[in-house]
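Accompanying notes for the structure given below.
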2 protein chains.
Amino acid sequence: MNVALNDINQTEITRLRVACSNCNLRELCLPVDLTPDEMTRLEELSNQKRSYATGDYLYRSGDRFKSLHAIRSGSFKTRVLHEDGREQVTGFLMAGEIIGLDAISTDIHTCEALAMEDSEVCELPYSKLAELSREIPSLQRHVHKIMSREIVRDQGIMLLLGSMRAEERLAAFLLNMSQRNAIHGMSATQLRLRMSRLEIGSYLGLKLETVSRAFSHFQDEGLIQVKARAIEILALSKLREMVGK
Amino acid sequence: MNVALNDINQTEITRLRVACSNCNLRELCLPVDLTPDEMTRLEELSNQKRSYATGDYLYRSGDRFKSLHAIRSGSFKTRVLHEDGREQVTGFLMAGEIIGLDAISTDIHTCEALAMEDSEVCELPYSKLAELSREIPSLQRHVHKIMSREIVRDQGIMLLLGSMRAEERLAAFLLNMSQRNAIHGMSATQLRLRMSRLEIGSYLGLKLETVSRAFSHFQDEGLIQVKARAIEILALSKLREMVGK
DNA sequence: GCGCTATTTTGACATATATCAAGTCAAACG
DNA sequence: CGTTTGACTTGATATATGTCAAAATAGCGC
């Protein structure tokens, strides 16, 4: 089996796609089996909204952890800066996803998050979310699911970093982007990457030249069409073969 | 900064070391700020205990998820089997740690866990734990912390796999083993590894020969003393330098 | 549109790690 | 005590990816 970067099942996709047409937090990222009253209470919790311009920090390394954030639009990257100034990207977060889960155990953010494009987020104060989920079992269950999914996601990346070679990693990355695009009702084959080759490489443990070469090679093989950050997938199934699924 | 494989702070270490002298679950892995009544209720939840012999499965890939498990003694590895039969190790779990967190989001285990030596675990039925943590805020908080710590741990490994070279990974691995040994009141410099070079390599994304060569090299440099799986750390501080902390 | 800049691509070469193949060693067993 | 077996070490070589450098391209303000 292989779970790398592909951990979201079909029912979730359907639910999210429907929910996102009315892009409110409670539907965007939370379960649909709440009573109207519970929904209202949840909505009250999450009605704080903020905008971030490209490059703005959502939080910095060392900041005190207070809230999770649901991304309503745009996208963020999370990263760690090494002593020598090198950046290591630890995640790309897209609209509809929850950001900030790393910090619950420490109270302090261990990485920093910044907007890759102009973006909007809903703030989810952790203490209120915890309080409310104590009263609403299905909400509690969902919070656990969100956290566990992050674990599964990370372990997928570990698998990928530990056992795949450059081109396989890239293939997995593209499939993941494709799938997350599809979840939000966008094309599964037309990708507009928001990140540079350098950032992709940092995320996948590769150098930017290796990323570029792999893209070029895929193009030569007729798997994709590359035009800088606009990438069209021509042979989804062959990419899937490459990562073994 | 660098969080790789070293995410447990000093207060946690102290607490756990004290707690483990009376190796009962509620103290082993749960917070100490519960009332006596709450403790009792928690104890009732966790009094199911089981033994596993070397090589026994704690759970298999595809099994339905019902419970988390607290390891009382011994150690486990978690792994994924690829189609071609290759094993990829995704984690080593030692006494005092919680195993099974990957499965909460899916209801199904995505990897399998087996005992690396004769071991004992306490079963923590998830539904009961969830129910109880709804009533006890500090327990809820702790459950979240445990989950989040797993996320941090995984991200630490991602960092390690993505940015470190073979010997740096090995150094980080040894430091991590040393620290986890110390937590349980054992020597921080005398390590008895429970896993083979192959398994270490699988976990760190290296071949077994590379692991072996790196150990030999460390020995030549006077950093460690290697006698098969018994490893003595001679220069902790130099190992720390290697991983940048 | 033009020119400036950052990003991306491509090439030649270096190097870390994988691969293949012997050997060594230690535990297990007759 | 010798044999067997599996794990570990070591060596020679191959290969994927990194490094350094230059050219091509895309993005963007004017």
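In this model, the phosphate group of C/dA18 is not approached by any side-chain N or O of A/R165 to a distance below 4.0 Å at OP1 or OP2. Close to C/dT9, at under 4.0 Å from its OP1 or OP2, lies a side-chain N or O of A/R197. The phosphate of C/dT10 (OP1 or OP2) has a side-chain N or O of A/S216 nearer than 4.0 angstrom. Taking side-chain N and O atoms only, A/T210 has no distance below 4.0 Å to OP1 or OP2 of D/dA16. At C/dT8, one or more side-chain N or O atoms of A/R229 fall inside 4.0 Å of OP1 or OP2 (strictly under the cut-off). Note on A/K227: every side-chain N or O is 4.0 Å or more away from OP1 and OP2 of D/dA26.
Distance, B/L208 CG to D/dG6 C1': 12 Å, rounded to whole Å. One atom, CZ of A/R213, and another, P of D/dT17, lie 11 Å apart when rounded to the nearest Å. Regarding B/I200, its CD1 atom lies at a distance of 11 Å from the C1' atom of D/dC8, rounded to whole Å. Here D/dT15 presents its P atom at 16 Å from CD of A/E167, a figure rounded to the nearest Å. Following rounding to the nearest Å, B/R86 (CZ) and C/dA18 (P) show an atom-to-atom distance of 13 Å. Rounding to whole angstrom units, CZ of residue A/F215 and C1' of D/dT25 are separated by 16 Å. Rounded to whole angstrom, the span from the CD atom of A/E117 across to the P atom of D/dG27 amounts to 15 Å. For the pair B/I231 CD1 and D/dT9 C1', the computed distance is 13 Å after rounding to whole Å.
Here A/A166 lies in heavy-atom contact (under 4.0 Å) with sugar-phosphate atoms only. Among the atoms of the strands shown, only primed sugar atoms or phosphate atoms (P, OP1, OP2) are found under 4.0 Å from some heavy atom of B/S196. Among the atoms of the strands shown, only primed sugar atoms or phosphate atoms (P, OP1, OP2) are found under 4.0 Å from some heavy atom of B/V226. B/L206 comes within 4.0 angstrom of the backbone, heavy atoms only, and of no base. Counting any heavy atom pair closer than 4.0 Å across all strands shown, A/G205 reaches sugar-phosphate atoms only and no base atom.
For the residue pair A/S75/A/E117, the side-chain donor-acceptor check at 3.5 Å is satisfied. Between A/T78 and A/T90, the side chains place a donor N or O and an acceptor N or O closer than 3.5 Å (distance only, hydrogens not considered).
Side chain B/R169 to base C/dT17: no donor-acceptor pair is found below 3.5 Å.
Residue B/S212 has its side chain nearest to D/dC8 when only C/dT19, D/dC8, D/dA26 are considered.
Salt bridge present: A/K77 and A/E87 bring a charged side-chain N and a carboxylate O closer than 4.0 Å. In summary, A/R79 and A/E199 do not engage in a salt bridge, as defined by a charged side-chain N under 4.0 Å from a carboxylate O.
Side-chain contact between A/L170 and A/L206 is present, with heavy atoms from C-beta onward closer than 4.5 Å. Inter-residue side-chain proximity for A/D118 and A/Y52 is flagged as unmet; no heavy-atom pair is nearer than 4.5 Å.
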